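These numbers come from a predicted model, not from an experiment. All chains are named by letter (A, B, ...) in the order of the sequence lines, taking the proteins before the strands, and each is independently numbered beginning at 1.
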Amino acid sequence: MRGIQLPLSQTQKVRLQKALEKLESISSKVNSAASVIIADSIPVNHEDGVLKGHGTIDLNGEVVATICGVVERVNKLVYVRALRSRYKPEVGDIVIGRVVEVAQKRWRLDINFNQDAVLMLSSMNMPDGVQRRRTALDELNMRCIFEENDVVCAEVRGFQHDGLHLQARSRKYGKLNRGQLLKVPPYLVKRQKQHFHHLEEFGIDLILGCNGFIWVGEHIEAKDDMVEDQVSQSDPQVLLPNKNCLSLEEQEKNYTILETRKYICRAANAVRVLSMLGFNITLEIIKGIIDLSISMNLDIHEMLGSDFCVLVAEKEVERRSSNKKKR
Amino acid sequence: MGIVEGKESIERCGGNGMVFEKIHLRMEYVSPEGLRLDGRRPMEMRQIRAEIGAVSKADGSAIFEMGNTKVIAAVYGPREVQNRSQISNHALVRCEYSMANFSTGDRMRKSKGDRRSTEISLVIRQTMEASILTHLLPRSQIDIYVQVLQADGGTRSACINAATLALADAGIPMRDLVTSCSAGYLNSTPLLDLNYVEDSAGGPDVTLGILPKLDKVTLLQMDSKLPIDILENVMQLAIEGCKAIANYIREILLENTKQLEYRRGV
């Protein structure tokens, strides 16, 4: 059993236990006994024909699970959806990665997959926004775009012979600045229509990467940055000295006001609490937790305490049971 | 209490091998009432306990206890291969076994790469590799780290059980769970799950690893001689032990999976 590693007092323990039991009773009505573990045989009807999907093997005519997870059935297809595992990419997923290496015409990104992902120089928009052939000079200036350890947002393009390829052909992708990167188990992030969120009331951006990397940062208007880059990128020789002695105007631009920084931390702690409890992470739930912490007048650091953790669990029970009633 | 007794007897008779063996065979490991030194019956296992998720930063981790033996395992991966020349179509499995300095009765300073730990690392790696479906994870590597926190005999088995749990927690596809248990033969009685005192008696010690669903043996080790008919009995006993452990591990894993699922919600 995966225990929650928090120092809980006796009453908190009881409250948490009760909340979790309620959650169990709510979910067990939805799908009963679909959980399997390694080497469990999955009951199937052989007369209808069976297609074995991921996480299953054939053993003497039986379908046997090879991972721990939940059995899913789509028409004839039977597969096991893994819970705790590394990210399994699908084409079109929005992911966040960290640059581990700048290589020939490509960056290598750590995206919590079996291998590092590749972002080719040719599969991303140049900062000046002009469509053209990538020259040798562009290749030399790759570190001006992304350096090692930069956090980058991109989209999964697909598998090529040399691994997983990403692309960043839009202004919403690219380097992420002034914020926090959070790592959560990928199964907690569900694929949705929208992964980029702008929380206007707090002035922060929230990107829920499908690979379990979550970005919380200051809201940035994409357009302004582009114009500014155009000037500096056209002449890379000018760019380098510029980097060292920032003008006053630029310093102003690099400064995030305290209020926004506080909200970033609040949102980040909300995600941390959710991942600690193993609850699904969506915009709606994160917003709910931020509001809860503000309405209770809690300090940011108190959000990671055991008291708030129990409270979030209880609130989640309320939310899920009310959701069920609506249906 | 048992550990101290055993140690003394070894020291007393150290030096001459013949004397050593005689004294130990004369020593009573199973009392006339049919009880062992720690009060178990010959076919009784020590109490086992397992816990998933001990290392938060690892992809999968577990703690496994058999009586006073306590082992922690952490799995990292599948991840990018560190040594580019080793990239292949199959996942690369690596294993590192170590004993904490405080794990034994007297504090020992051991170098990391001594022969015993390299051998056990190899044994664990080969046993786990036989079960992992490495062809599904090309161009990646899996690192298994096991450390003995408390040693009281049967560390090899405990490590394999802990590694199985950690691999299952990491969501790595496997043919079957691997479980392991040891058995020995002392005072002309087959004994299940030897502890340190019985282990250091110098009698035969069979470590067995099986795939319970497929009913196959993946590991069989013994460092002394035993008549073939007795070996069969001892092995049968060890298989029973392995199956009992498999049942326990399945329970723990199923509980863990269910909990993850209902907590996540829809």
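The side-chain heavy atoms of B/L260 and A/R84, taken from C-beta on, include a pair separated by under 4.5 Å. In this structure, A/F279 and B/R264 have side chains that are not in contact, with every pair of non-hydrogen atoms separated by 4.5 Å or more. You'll find the side chain of A/R81 reaches within 4.5 Å of the side chain of B/E261, heavy atoms only. Residues B/Y262 and A/L20 have side chains in contact (heavy-atom distance under 4.5 Å, counting atoms from C-beta outward).
Looking at A/V36, the atoms closer than 4.5 Å to chain B (heavy atoms on both sides) all sit in the backbone: N, CA, C or O. Only the side chain of B/L133 comes within contact range of chain A, with at least one heavy atom under 4.5 Å from a heavy atom of that chain. Both the backbone and the side chain of A/L23 come within less than 4.5 Å of a heavy atom in chain B. Only the backbone of A/F113 has a heavy atom closer than 4.5 Å to any heavy atom of chain B. Using a 4.5 Å cut-off between heavy atoms, B/L167 makes no contact with chain A at all. Proximity to chain A (any heavy atom under 4.5 Å) is restricted, for B/A170, to the backbone atoms N, CA, C and O.
Within a 6.0 Å radius of CD in B/Q221, more than 12 heavy atoms belonging to other residues, nucleotides or ligands are found. For A/Q160, the CD atom sits in a packed shell: over 12 heavy atoms of surrounding residues, nucleotides or ligands are nearer than 6.0 Å. Counting heavy-atom neighbours within 6.0 Å of B/Q82 CD, excluding the residue itself, gives a total above 12.
Nearest heavy atom pair, residue B/L254 against residue A/S35, reads CD1-O, 3.9 Å. In this structure, B/G265 and A/N280 approach most closely via the heavy-atom pair O-ND2, 4.4 Å. Heavy atoms only, all atoms of each residue included: B/S140 and A/N114 are closest at CB-O, 3.5 Å. For the residue pair A/I38 and B/A168, the shortest heavy atom distance occurs at CD1-CB, 3.6 Å.
Considering CG of A/L274 and CZ of B/R263, their distance stands at 12.5 Å, rounded to 0.5 Å. Put simply, CD1 on A/I37 and CE on B/M174 are 9.5 Å apart, with the number rounded to the nearest 0.5 Å. The distance from atom CE of A/M276 to atom OG of B/S56, rounded to the nearest 0.5 Å, is 11.0 Å.
Residue with the most contacts toward chain B among A/P185, A/G278, A/A82: A/G278 (heavy-atom pairs, distance under 4.5 Å). For chain A, the option among B/P173, B/S131, B/G171, B/P78 with the highest count of heavy-atom pairs below 4.5 Å is B/P78. In terms of heavy-atom pairs under 4.5 angstrom with chain A, the leader among B/R79, B/R175, B/R250 is B/R250.
Not one N or O on the side chain of A/Q115 forms a donor-acceptor pair closer than 3.5 Å with the backbone of B/E80. In this structure a side-chain-to-backbone donor-acceptor pair under 3.5 Å is missing from B/R139 to A/G163.
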Ignoring hydrogens and angles, write down the donor-acceptor pairs under 3.5 Å from the side chains of residues 57-68 of chain A, residues two or more places apart or on other chains.
residue : atom : partner : partner atom : Å
A/E62   : OE2  : A/S41   : OG           : 3.1
A/T66   : OG1  : A/G55   : O            : 3.3

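Scored by the salt bridge (charged side-chain N to carboxylate O under 4.0 Å, His left out) test, A/R108 finds A/E101 as partners (sequence neighbours excluded).
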